[in-house]
There are 2 protein chains.
Amino acid sequence: MTISAAACPSGDERVTLFALLLDTNARLSRTLGVALEESCQLPLAWFEVLLQLRRSPEGILTMSQIADAIVHSTGGTTRLVDRIEAADYIERRTCPSDRRAVNVGITALGNAKLDEALSAHLSFLDVHVSNRLSDQERKQLAALLEKLSVD
Amino acid sequence: MTISAAACPSGDERVTLFALLLDTNARLSRTLGVALEESCQLPLAWFEVLLQLRRSPEGILTMSQIADAIVHSTGGTTRLVDRIEAADYIERRTCPSDRRAVNVGITALGNAKLDEALSAHLSFLDVHVSNRLSDQERKQLAALLEKLSVD
DNA sequence: CCATAGTAGTTGCATATGCAATAGTTTGTC
DNA sequence: GACAAACTATTGCATATGCAACTACTATGG
């Protein structure tokens, strides 16, 4: 007896695809997290913040921008930034144009740690991405994920 | 002045791709979580467990299998299963072949809730996946993610 | 058949995170 | 200009999760 897709939505092709996305992300994140922790003693969440800061044009982001970039609540971001700041990898600065806002910048120590982490990250990517996807496939994947990222 | 990829690994194409994967996943998960919570009062983690149970051949999984399927620690899975069981959506059963193991099965109430959640999930997928990717693109994406999922 | 090693699940503890409430600041409107 | 509405970050509280230690059970090798 065949069960129709309507009668068995858990077998729907899109449900499977979405589950695969969740699963792939969870496994890769966990593996990367362990690798970063072991090689640099840097939590993945800290790495994400440092990376976003380096990517920003001025090397500076406000709390809200960080929260949005790493998809955390603003409350969670406050505490996360507290911890990274306590480790002297980043620092809060006053925002000249808006006294409500807090600018966050990376320190010299943070830059050094980020370089270290990026080196570990590139090794991780070699093993878990480059070995598995060709140049063209990576471009394809990026294009597809971009389409899913539109608000 | 152009910065070489070697000198600026944060701009590496693979780093960007991986960041995009993290970001896409985080945003879609959050949106889905809110939708499920609002429409069914079902946390996303609970939905994942129920879905895995329905997908398993016998409708039954051990604690370890659940932990692996949803990428949690076994400790975290124990508490998660505790909560879902307290809501009567699943139940622990003895495993006849191994007295160390605990079988987890879905209840009638859990099945009903899962149907409800799947309906909400399908609406979510319509908006956030079907509207953005063609049939062929979804197949492509699934194939690419499969390649990344190999242990 | 016993001893040892390995596996399955639970628990205590530490930590990370979200939500809602709050204080301070800015923006828009009249 | 003044007031209301909106925005920015922080905090208290509740909850979720991982890790390591532990118990109970199974498998393996002599």
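Note that the coordinates shown come from a computational prediction; the quantities given were computed from them, not determined experimentally.
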Where the side chain of [X] is defined as all heavy atoms beyond and including C-beta, which of [options] is the nearest nucleotide?
X     : options                : result
B:S73 : C:dT10, D:dG18, D:dG12 : D:dG18
B:D98 : C:dT10, C:dT17, D:dT26 : D:dT26
A:A45 : D:dT17, C:dT17, C:dT10 : C:dT17
A:L80 : C:dC13, C:dT10, C:dT17 : C:dT17

| 5'-most contact on DNA chain D: B:S97 or A:T78, nearest heavy atom basis? |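 The 5'-side residue here is A:T78.
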| query | 5'-most contact on DNA chain D: B:H72 or A:T74, nearest heavy atom basis? | reply |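 Upstream on the strand: A:T74.
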| For C:dA23, does either OP1 or OP2 sit under 4.0 Å from a side-chain N or O belonging to A:R99? |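 So the side chain of A:R99 is outside the cut-off, no N or O lying under 4.0 Å from OP1 or OP2 of C:dA23.
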| Hey, does the side chain of A:R83 come within less than 4.0 Å of C:dA16's phosphate (OP1/OP2), counting only N and O? |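 Answer is yes, contact under 4.0 Å.
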| With B:K139 via salt bridge (Lys or Arg N to Asp or Glu O under 4.0 Å) - residues at least two apart |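 With neighbours one apart ignored, the set is empty.
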Can you measure [X] atom [atom1] to [N] atom [atom2] for me and round it to whole angstrom units?
X     : N      : atom1 : atom2 : answer
A:W46 : C:dT17 : CH2   : P     : 11 Å
B:E48 : D:dT17 : CD    : P     : 9 Å
B:M63 : C:dT7  : CE    : C1'   : 15 Å
A:R79 : C:dA20 : CZ    : C1'   : 12 Å
B:I84 : D:dT15 : CD1   : C1'   : 15 Å
B:E37 : D:dT15 : CD    : C1'   : 12 Å

| message | Quick check: any donor-acceptor pair below 3.5 Å linking the side-chain of B:R100 to the base of C:dT7? | response |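 In this structure, the two groups form a donor-acceptor pair.
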| request: Record whether the side chain of A:R30 comes under 3.5 Å of the base of D:dG18 through a donor-acceptor pair of N or O atoms. | output: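 No, the side chain and the base share no sub-3.5 Å donor-acceptor pair.
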| task | Would you check if the distance from the ring center of B:H121 to the ring center of A:F18 is below 6.0 Å? | result |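 That pair passes the under 6.0 Å test.
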| message | Categorize A:T62 for me: base, sugar-phosphate, or nothing, with a 4.0 angstrom heavy-atom threshold over every strand shown. | response |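 It contacts sugar-phosphate atoms only.
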Under 3.5 Å, which donor-acceptor pairs link side chains of residues 67-81 of chain B to any protein atom two or more places apart or in another chain?
unit_1	atom_1	unit_2	atom_2	d
B:S73	OG	B:G76	N	3.0
B:T77	OG1	B:S73	O	2.8
B:T78	OG1	B:T74	O	3.2

| query | Under a 4.5 Å cut-off applied to non-hydrogen side-chain atoms, are A:Y89 and A:V49 in contact? | reply |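 No, too far: nothing below the 4.5 Å cut-off.
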| request: Classify the side-chain pair B:S149/A:R27 by whether it contains a donor and acceptor separated by less than 3.5 Å. | output: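 No, because no side-chain N or O of B:S149 sits under 3.5 Å from a partner of the opposite role on A:R27.
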